[in-house]
Peer 1: 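Structure in structure tokens, see below.
Atoms within each ligand, like the ligands themselves, are counted from 1 in listed order. Worth knowing before you read on, the calculation uses all heavy atoms, side chains too, and leaves out hydrogens, waters and symmetry mates. Residues: numbered from 1 along the sequence shown.
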Amino acid sequence: MTRRHPKGLPILFFTEMWERFSFYGMRAILVLYLTKETMGDNPGMGWSNADALVLYGWYTMLVYVMSIPGGIIADKLLGQKKTVFLGGILIAVGQLTLAIDNVVAFYSGLAFIISGVGCLKPNISTMVGGLYKQGDSRRDSGFTIFYIGINIGAASAPLIVGYVGEVYGWHYGFGLAGIGMLLGQAVYIWGQKFLKEVGNFVSVQHIEGTKKSIPLTGKEKDRVIVLLISFLIVIVFWAAYEQAGGLMNIYTKEKIDRVILGWEIPASLFQSVPALFVIIFGTTVAAYWAKRNKKNKESSSLFKMAIGTIIMGTGFLLMSGAALEAEDGGKAMLAWLIFSYLLQVIGELSISPVALSFITKLAPLKYASIMMGVYFAATGLGNKVAGLVGELATNAGELEVFTGIFIFCLAFGFLLLVFFRKLKALTHGAEEIKE
Ligand code: PHE
């Protein structure tokens, strides 16, 4: 029997759910708004596809790279709890600024959102870890639950904000994203009574009990090395996975047969499919890994991440299948896309919540938030690489790009499997804390 989770978990769950609603809602209409012509009803900015994708690439990278300053602010100045609060305000201000139809407002809005996500996203994740003491066996499942919250926001936002933005007007869409963040902020303020113990500022002197800063111990250094290796996996993983919003999205629109019972499903609806799969399969995948762990079979975090990369890569093999079927100018079966997303999500669930939990276990206390910040920054780099890889498809062709991603992920995953025992030995098993 698992024990009940701390009362702070639902508070962080709903705050992050609304933050992600706001984030993914805005992201769903950003490129559409940029590329819509400046005349007619619901005018946009009239940019070319290529320019819009460049801005999109920088935006999705910077939101997460700003997690490094976000982590530093938390560790050195405010503590995680207040930094999350600050982030929530910045995001809401940013989204509501985007609701104003004006170019200056547009760029300032983006800047506010980027700084806000940098303050909120890594620190709220570290706070989830802070709800559990070292060795608490509920930590992993806590992160799985938290991850499901993220994806409830991510699944519903493109549908709701996308609809409002396209039908009523882009700026109403951005405004709605702002209201989403305000709701998250309200939950967070209301829930402070359940968060008394977590995310408070701890001065370095307090941790070390002395004025001089003590260098990291050998074991702590080993742990940092393992964390840095896991960040490399994360870059590769998101560089492939984040094709969903770009190349896979365009491919779905142009070359997947989306007609069911005479109705052509809009391509944008498929953007919610991966998040839906996370909600449906989140607990199943986590339970599988937990069961393996109980049987004492290899289930260290690096192992799960290597397997996750391979499974996710296999999803791209299915996309190669689609590309082969559609090669002669026809359309490919929808099943290719759906099963590809399914495999990608099973991979994601073996990597993403695992990594969050793992960082809160391994990071030295005085660098807890910064380590999380660096992890998110790695995700940001992955997002940027994803854009570059997607662009390759315009010259190389989709079949080649999908197959290339498959081969790369497979090779990378197997390489990790070959070396991970050595890695474990190298780091004196530091990456495994038996809980
Ligand atoms: N769906 C995840 C989220 O929004 C994607 C992600 C993972 C983003 C890790 C950043 C870092 O949280």
Side-chain angles (χ1 to χ4, degrees), residues 12-28 59-68 70-71 84 87 91 113-114 116-129 143-158 177 180-181 184 227 230-246 271-282 285 301 305 308-309 312 341 344-360 369 371-387:
L12 300 178
F13 175 102
F14 285 111
T15 307
E16 177 62 346
M17 181 192 86
W18 281 116
E19 186 270 332
R20 290 288 94 183
F21 174 90
S22 163
F23 179 79
Y24 284 109
M26 180 277 193
R27 203 184 79 161
Y59 171 75
T60 49
M61 178 178 121
L62 284 175
V63 271
Y64 295 133
V65 167
M66 285 302 280
S67 297
I68 294 184
V84 167
I91 295 172
I113 296 174
I114 288 169
V117 174
C119 287
L120 190 148
K121 177 90 167 127
N123 291 313
I124 199 166
S125 315
T126 318
M127 281 176 76
V128 173
F143 271 102
T144 303
I145 294 169
F146 180 68
Y147 208 71
I148 289 174
I150 287 178
N151 283 281
I152 296 175
S156 55
M181 187 63 246
L227 284 175
S230 72
F231 294 168
L232 188 69
I233 307 179
V234 162
I235 297 178
V236 171
F237 182 83
W238 294 108
Y241 183 94
E242 288 296 337
Q243 296 306 322
Q271 288 297 300
S272 292
V273 169
L276 262 180
F277 279 157
V278 171
I279 299 167
I280 299 171
F281 296 108
V285 175
S301 300
M305 290 173 129
T309 309
M312 191 266 311
Y341 278 146
Q344 292 185 43
V345 166
I346 294 176
E348 175 185 2
L349 286 166
S350 308
I351 287 192
S352 194
V354 173
L356 292 174
S357 173
F358 175 59
I359 294 164
T360 63
S369 324
M371 275 320 242
M372 191 61 93
V374 176
Y375 166 72
F376 279 92
T379 313
L381 284 184
N383 272 277
K384 187 81 180 77
V385 178

Peer 1: Once you restrict both partners to nitrogen or oxygen, which atoms of ligand 1 have a protein partner under 3.5 Å, and how far apart are they?
Peer 2:
{"unit_1": "ligand 1", "atom_1": "1 (N)", "unit_2": "Tyr24", "atom_2": "OH", "d": "3.2"}
{"unit_1": "ligand 1", "atom_1": "4 (O)", "unit_2": "Arg20", "atom_2": "NH1", "d": "2.9"}
{"unit_1": "ligand 1", "atom_1": "4 (O)", "unit_2": "Tyr24", "atom_2": "OH", "d": "2.6"}
{"unit_1": "ligand 1", "atom_1": "12 (O)", "unit_2": "Lys121", "atom_2": "NZ", "d": "2.5"}

Peer 1: Once the angle between the rings of Tyr241 and Phe237 is folded into 0 to 90°, is it parallel (under 30°), tilted (30 to 60°) or perpendicular (over 60°)?
Peer 2: parallel
Peer 1: Apply side-chain hydrogen bond (donor to acceptor under 3.5 Å, both in side chains) to Thr126 and list each qualifying residue two or more places apart in sequence or on a separate chain.
Peer 2: none
Peer 1: Looking only at heavy atoms, which two atoms of Asn123 and Ser369 are closest? And how far apart?
Peer 2: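 Nearest heavy atoms, Asn123 then Ser369: OD1-CB, 3.5 Å.
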Peer 1: Strictly by modelled atom types, are Tyr147 and Glu348 linked by a side-chain donor-acceptor pair under 3.5 Å?
Peer 2: yes
Peer 1: Measuring from atom CZ of Phe21 to atom CZ of Phe14, what distance do you get when rounded to the nearest 0.5 angstrom?
Peer 2: 14.5 Å
Peer 1: Does the cation-pi check pass for Arg20 over Phe23, that is, NZ or CZ under 6.0 Å from the six-membered ring centre and within 45° of its axis?
Peer 2: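 So Arg20 does make the cation-pi contact.
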